[in-house]
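Quick note: numbers below take in every heavy atom, side chains included, and nothing from hydrogens, waters or symmetry partners.
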Amino acid sequence: NRGIEKKGKDYFVKLRTETTIIIDDNIQNEKKIRDKYLHRLYKIQLMQESIFYFEDTKCMVEQLSYPILIASHIKPFIKSNADEAYDPNNGILLSRNIDSLFDLGYITFSDNGEIIFASHLKQDVKDFISNYSLDNRFINAKRLEYLEYHRNEVFEKRYKYA
């Protein structure tokens with residue numbers, strides 16, 4: 001065993017010979033494998049929802065037709081139960097940039113779709129995306145539940161470990 005450790009609530013990194021990395025007392029070594037077929041169906045449902053409202057497959061925030069869009073989980077896949085993992089209401093179709101910021105907790109969305117910025121996000125990024133929001137047509141009661149989870153459990157937390 002090799003590694004650097006800090007005591008208390010400060011995070012620590014310890015690399016073990018079997019290549020297990022532990023960060024912070026609160027993060028467990030969780031592994032969850034996505035079912036490729038179900039994930040593809042999940043993404044297709046989000047794409048169909050985008051086509052229904054935009055008549056094209058577009059980012060649900062930027063409303064741009066990027067060649068690659070991410071079927072982003074609102075409640076992270078690793079934290080979702082079997083029903084939540086492939087629930088299209090637990091997803092939004094995002095560009096790579098918006099998805100990265102969202103997944104790492106640099107941004108989240110209010111109940112009306114406005115972007116909420118993490119305190120440590122650089123101002124130039126805030127300025128660049130400040131005019132965007134999650135289109136209201138994609139907000140429903142179930143997505144609001146997932147968004148509340150994201151605001152409470154992901155926003156301003158995960159980026160600290162990125």
Side-chain angles (χ1 to χ4, degrees), residues 9-11 21 23-28 30 32 34-36 38-162:
K9 292 202 179 230
D10 292 332
Y11 57 89
I21 298 176
I23 304 175
D24 197 335
D25 297 333
N26 299 322
I27 296 178
Q28 304 297 318
E30 298 181 62
K32 195 172 185 181
R34 291 180 189 207
D35 180 300
K36 290 180 182 181
L38 292 176
H39 187 73
R40 182 70 184 144
L41 291 177
Y42 166 79
K43 184 172 183 177
I44 288 169
Q45 289 176 317
L46 293 173
M47 292 167 71
Q48 289 173 334
E49 189 176 6
S50 174
I51 291 168
F52 180 79
Y53 289 115
F54 296 144
E55 298 180 2
D56 197 0
T57 305
K58 294 183 177 185
C59 172
M60 293 176 174
V61 173
E62 296 171 288
Q63 298 183 21
L64 297 173
S65 304
Y66 287 102
I68 297 174
L69 291 168
I70 310 298
S72 186
H73 282 84
I74 300 169
K75 180 177 183 180
F77 179 82
I78 194 85
K79 299 292 184 185
S80 297
N81 65 34
D83 293 329
E84 297 167 333
Y86 301 105
D87 177 2
N89 288 305
N90 185 22
I92 45 181
L93 204 57
L94 299 175
S95 69
R96 287 181 181 251
N97 287 341
I98 299 295
D99 174 64
S100 294
L101 293 170
F102 185 69
D103 277 357
L104 292 173
Y106 283 102
I107 65 169
T108 193
F109 299 98
S110 69
D111 284 350
N112 65 1
E114 292 176 4
I115 296 176
I116 302 168
F117 299 102
S119 57
H120 290 91
L121 188 61
K122 300 283 185 173
Q123 189 61 46
D124 60 338
V125 177
K126 290 179 184 179
D127 292 343
F128 188 75
I129 62 172
S130 64
N131 291 327
Y132 294 112
S133 63
L134 177 60
D135 191 292
N136 286 331
R137 294 176 285 188
F138 299 108
I139 298 174
N140 58 42
K142 193 65 178 168
R143 276 205 179 109
L144 287 174
E145 291 176 29
Y146 289 121
L147 285 170
E148 181 178 5
Y149 179 93
H150 189 274
R151 286 191 299 267
N152 294 329
E153 303 298 327
V154 178
F155 181 61
E156 291 207 276
K157 292 176 177 66
R158 290 183 70 179
Y159 69 84
K160 295 176 184 176
Y161 308 110

Worked check of side-chain contact (heavy atoms from CB on, under 4.5 Å) between Phe52 and Gln48: CA-CA 6 Å; Phe52 180 79; Gln48 289 173 334; over 6 Å; no
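- Here the shortest heavy-atom pairing between Arg143 and Ile92 reads NE-CG2, 4.1 Å.
- No side-chain heavy atom of Val61 sits less than 4.5 Å from a side-chain heavy atom of Ile129.
- Taking CZ of Phe117 as the start and CZ of Phe155 as the end, the distance is 9.0 Å to the nearest 0.5 Å.
- Side-chain atoms of Arg40 never come within 3.5 Å of backbone atoms of Asp35 as a donor-acceptor pair (strictly under, hydrogens ignored).
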Trace of the side-chain contact (heavy atoms from CB on, under 4.5 Å) decision for Ile139 with Asn112: CA-CA 8 Å; Ile139 298 174; Asn112 65 1; 5.6 Å; no
side-chain contact (heavy atoms from CB on, under 4.5 Å) assessment of Tyr53 paired with Asp135: CA-CA 10 Å; Tyr53 289 115; Asp135 191 292; 5.9 Å; no
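- With Asn90 contributing its side chain and Lys75 its backbone, the two residues share a donor-acceptor pair below 3.5 Å.
- Donor-acceptor pairing under 3.5 Å is lacking for the side chains of Ser95 and Asn97.
- Enclosure of atom CZ in Arg137 by more than 12 non-hydrogen atoms of other residues, nucleotides or ligands within 6.0 angstrom is indicated.
- Nearest heavy-atom pair across Gly105 and Ala118 is O-CB, 3.8 Å.
- For Lys122 and Asp124, the salt-bridge test fails: no basic side-chain N is under 4.0 Å from an acidic carboxylate O.
- Remark: Asn81 pairs with Asp83, Glu84 by the side-chain contact (heavy atoms from CB on, under 4.5 Å) rule, at least two apart or across chains.
- Two residues are said to be in side-chain contact when any heavy atoms from C-beta on lie closer than 4.5 Å; Tyr132 and Ile115 meet this criterion.
- More than 12 heavy atoms of other residues, nucleotides or ligands lie within 6.0 Å of CD in Gln123, so this atom counts as buried by the packing criterion.
- Once rounded to the nearest 0.5 Å, the distance linking CD1 of Ile68 with OG1 of Thr57 reads 13.0 Å.
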Intermediate values then yes/no, side-chain contact (heavy atoms from CB on, under 4.5 Å), Leu94 and Asp103: CA-CA 11 Å; Leu94 299 175; Asp103 277 357; over 6 Å; no
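- Relative orientation of the Tyr42 and His39 rings is tilted, given thresholds of 30° and 60° on the angle between their planes.
- No donor-acceptor pair closer than 3.5 Å links the side chain of Arg151 to the backbone N or O of Thr108.
- Tyr106 places none of its side-chain heavy atoms less than 4.5 Å from the side chain of Lys126.
- Annotation for Phe138 and Phe54: closest pair CE1-CZ, 3.5 Å, computed over non-hydrogen atoms.
- Side chains of Asp87 and Tyr146: a donor on one and an acceptor on the other come within 3.5 Å.
- In this structure, CZ on Arg34 lies 9.0 Å from CD1 on Ile78, to the nearest 0.5 angstrom.
- Using a distance-only test at 3.5 Å, with no hydrogens or angles considered, a donor-acceptor pair links the side chain of His73 to the main chain of Ala85.
- With rounding to the nearest 0.5 angstrom, the CG atom of Asn136 is 9.0 Å from the CD atom of Glu114.
- Tyr86 has its side chain out of reach of Ser80: every pair of non-hydrogen atoms, C-beta onward, lies at least 4.5 Å apart.
- Looking at every heavy atom in both residues, Leu46 comes nearest to Ala71 through CD1-CB, 3.7 Å.
- To the nearest 0.5 angstrom, Met47 atom CE is 9.5 Å from Asp56 atom CG.
- When all heavy atoms of Ser72 and Asp99 are compared, the closest pair comes out as OG-OD1, 2.7 Å.
- Between Leu69 and Lys58 the shortest heavy-atom distance is CD1-C, 3.6 Å.
- Side chain of Ser50 to main chain of Cys59: no donor-acceptor pair is present (N/O by atom type, distance under 3.5 Å, no hydrogens or angles).
- Side-chain contact between Phe102 and His150 is present, with at least one heavy-atom pair separated by less than 4.5 Å.
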